[in-house]
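Nothing fancy with the numbering, it's 1 onward along the sequence.
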Amino acid sequence: MRTNIYLSIILTLFLMEIKLSCFAGSGVPIQSQELLLHNKLFGSVDYMYFASKDTGYIMTNVGNLYTRDRCVYIYQTTDGGMNWNIIDYILHYCIIDNSHVILSSNLVCGFIADGSSSNKHWNLYLCIFDLKKKRHMMYNEIIYEPCDIFLTDNKLCSTVYKEDHRCLFNYDYVTNTSSFDDDSINLSIKDIAYNDSSLGILTYDNQLYYITQTDTTIYDIGAETSSVHVAGDRYYIAYREQKNDNVGIVRLESKLNKLDILQYPSGYKYFKFFKGYANNILITFAKKELNSACDMIYSNDEGLTWNTINLHNLRIMPEICSYCEPYIYIDVKTQNNPILKIHL
């Protein structure tokens with residue numbers, strides 16, 4: 001009888017411990033993490049996009065600019081990332097940088113190159129992959145190497161280096177014409193974010209240029225900044241606190257014409273915004289030390305409260321991610337190209 005009582009107490013405490021361990025400090029449950037292992041992807045993953053919880057796309061690079069065998073493969077999954085099939089490929093080319101691939105509507109746009117005999121010059125082209133038609137389209141050679149890219153209507157915009165200045169370069173892939181935004185040539189552009197109605201340019205002077213079709217407003221952040229991100233109609237700027245070198249976030253309330261300092265979790269020195277499309281959820285990645293595990297810190301209420309998930313299998317900041325409610329998919333960048341699938 002006494003033994004049964006002891007076992008009952010132990011079992012009750014064990015179940016209480018499980019329940020407590022399944023909740024973050026804010027009382028929000030820590031959701032499940034699943035590692036999708038597969039070995040059917042050739043090359044390294046350079047872009048990933050999930051259109052639904054079942055259907056997703058991956059672009060991989062085989063080789064690089066200085067190898068003879070180069071190819072870009074495009075894969076599709078219809079079972080949530082368990083299995084992948086090749087639906088298109090581009091021989092003799094490679095993606096030059098995964099940050100230069102972007103999605104708009106049903107198009108995936110990126111810059112690819114075919115290399116040359118000179119290590120200082122690439123023959124650079126714009127490539128657009130149509131998700132509905134499952135085929136790619138090549139456009140004329142691009143002269144300037146891109147830094148960031150984004151899409152507005154039929155125009156692709158990029159920041160490029162011209163005459164030692166980083167400026168905006170506009171490319172219309174319908175008419176196959178290009179132009180420079182002369183007003184941006186004198187800006188020392190650090191980072192860019194945008195939505196359907198505005199553009200945010202963060203400069204090395206730690207200023208944010210908030211640009212709409214009718215007006216431009218300049219905000220002085222007043223601290224060393226690192227990046228800018230937009231979620232919904234609000235802009236978020238990451239900065240470094242002067243006292244302890246920790247990361248902080250400022251939110252731009254454009255309608256009220258003011259900046260608010262958010263209560264971001266303390267103690268983090270390494271930081272990165274999730275730049276993909278995530279509707280109104282704000283997702284960040286952060287580390288307290290260089291060799292520590294990475295945490296995913298996200299907010300469902302525009303930065304007022306934060307939830308933290310420890311990514312035990314991840315020691316590097318994620319580069320390739322995709323969010324499709326309620327899952328976020330992260331390329332772990334290890335052998336066999338596993339993908340970490342997290343239910344938020």
Undergrad: Set out, in order, the CA-CA distance, both residues' side-chain angles and the distance that settles side chain to side chain contact (heavy atoms under 4.5 Å, CB included) for Val332 and Ile339, then state yes or no.
TA: CA-CA 6 Å; Val332 179; Ile339 294 173; over 6 Å; no
Undergrad: When you compare the side chains of Tyr219 and Asn257, does any donor N or O come within less than 3.5 Å of an acceptor on the partner?
TA: yes
Undergrad: Is a salt bridge present between Glu253 and Arg251, judged by a nitrogen-to-oxygen distance below 4.0 Å?
TA: yes
Undergrad: For the residue pair Tyr327 and Tyr329, categorise the inter-ring angle as parallel (less than 30°), tilted (30 to 60°) or perpendicular (more than 60°).
TA: tilted
Undergrad: Are the side chain of Asp295 and the backbone of Thr308 linked by a donor-acceptor contact shorter than 3.5 Å?
TA: no
Undergrad: Is it true that a side-chain atom of Arg135 and a backbone atom of Asp88 form a donor plus acceptor pair closer than 3.5 Å?
TA: no
Undergrad: Using only atom types and a distance under 3.5 Å, with no angle test, would you say the side chain of Arg240 pairs donor to acceptor with the backbone of Glu224?
TA: no
Undergrad: Taking the basic N atoms (NZ, or NE/NH1/NH2) and the acidic carboxylate oxygens, is any pair closer than 4.0 Å for Arg234 and Glu302?
TA: yes
Undergrad: Between the side chains of Ser299 and Asp301, does any donor sit under 3.5 Å from an acceptor?
TA: yes
Undergrad: For Phe271 and Ala238, which heavy atoms make the closest approach, and how far apart are they?
TA: CE2-CB, 3.5 Å
Undergrad: Nearest 0.5 angstrom please: Asp220 CG to Gln207 CD, how far?
TA: 5.0 Å
Undergrad: Measure centre to centre between the rings of Trp306 and Tyr298, then say whether the value is under 6.0 Å.
TA: no
Undergrad: For the pair Phe42 and Tyr73, name the ring-plane relationship: parallel under 30°, tilted 30 to 60°, perpendicular over 60°.
TA: tilted
Undergrad: Give a yes or no on whether the ring-centroid distance for Tyr210 and Tyr235 is below 6.0 angstrom.
TA: yes
Undergrad: Spell out, as yes or no, whether a donor-acceptor pair under 3.5 Å connects the side chain of Lys287 to the backbone of Arg315.
TA: yes
Undergrad: For side chain to side chain contact (heavy atoms under 4.5 Å, CB included), just list the numbers for Ile237 and Ile249, CA-CA rounded to whole Å, side-chain angles, deciding distance to a tenth of an Å, and then say yes or no.
TA: CA-CA 6 Å; Ile237 303 99; Ile249 298 180; over 6 Å; no
Undergrad: Checking the side chain of Thr77 only, and the main-chain atoms of Asn83 only, is there a donor and an acceptor separated by less than 3.5 Å?
TA: yes
Undergrad: Do other residues, nucleotides or ligands put more than 12 heavy atoms under 6.0 Å from the CD1 atom of Ile316?
TA: yes
Undergrad: Are Leu91 and Leu41 connected into the same hydrophobic cluster when the rule is that any two of I, L, V, M, F, W, Y join if their side-chain heavy atoms are below 4.5 Å apart?
TA: yes
Undergrad: Could you go step by step and tell me if Gln76 and Lys134 meet the side chain to side chain contact (heavy atoms under 4.5 Å, CB included) rule?
TA: CA-CA 10 Å; Gln76 182 187 46; Lys134 296 182 180 179; 3.3 Å; yes
Undergrad: Under 6.0 Å from the NZ atom of Lys269, do we count more than 12 heavy atoms belonging to anything else shown?
TA: yes
Undergrad: Got Leu252 and Val230 here, is their nearest side-chain heavy-atom distance under 4.5 Å?
TA: no
Undergrad: Against Ile58, only a single residue in Val45, Ile74, Ile320, Asp331 fulfils side-chain contact (heavy atoms from CB on, under 4.5 Å); can you say which?
TA: Val45
Undergrad: Is the closest side-chain donor-acceptor distance between Asn246 and Ser266 under 3.5 Å?
TA: no
Undergrad: Checking salt bridge (charged side-chain N to carboxylate O under 4.0 Å, His left out) for the pair Lys255/Asp233: CA distance, chi angles, key distance, verdict?
TA: CA-CA 9 Å; Lys255 294 180 180 179; Asp233 60 354; 3.7 Å; yes
Undergrad: When you measure from the side chain of Lys341 to the backbone of Ile330, do you find a donor-acceptor pair of N or O atoms at a distance under 3.5 Å?
TA: no
Undergrad: Examine distances only and state if a side-chain atom of Asp191 and a backbone atom of Ser226 form a donor-acceptor pair shorter than 3.5 Å.
TA: no
Undergrad: Apply side chain to side chain contact (heavy atoms under 4.5 Å, CB included) to Leu208 and Ile201, showing your working.
TA: CA-CA 6 Å; Leu208 178 71; Ile201 299 179; 5.8 Å; no
Undergrad: Would Ile87 end up clustered with Ile90 when hydrophobic side chains under 4.5 Å apart are linked, directly or stepwise?
TA: yes
Undergrad: Are side-chain N/O atoms of Thr284 and Tyr264 paired as donor and acceptor at under 3.5 Å?
TA: yes
Undergrad: A cation-pi test, strictly: NZ or CZ of Lys272 under 6.0 Å from the centre of the six-membered ring of Phe285 and no more than 45 degrees from its axis. Yes or no?
TA: no
Undergrad: Rounded to the nearest 0.5 Å, what separates atom CD1 in Ile309 from atom SG in Cys294?
TA: 11.5 Å
Undergrad: Tell me if a side-chain donor or acceptor on Thr225 pairs with a main-chain N or O of Ser227 at a distance below 3.5 Å.
TA: no
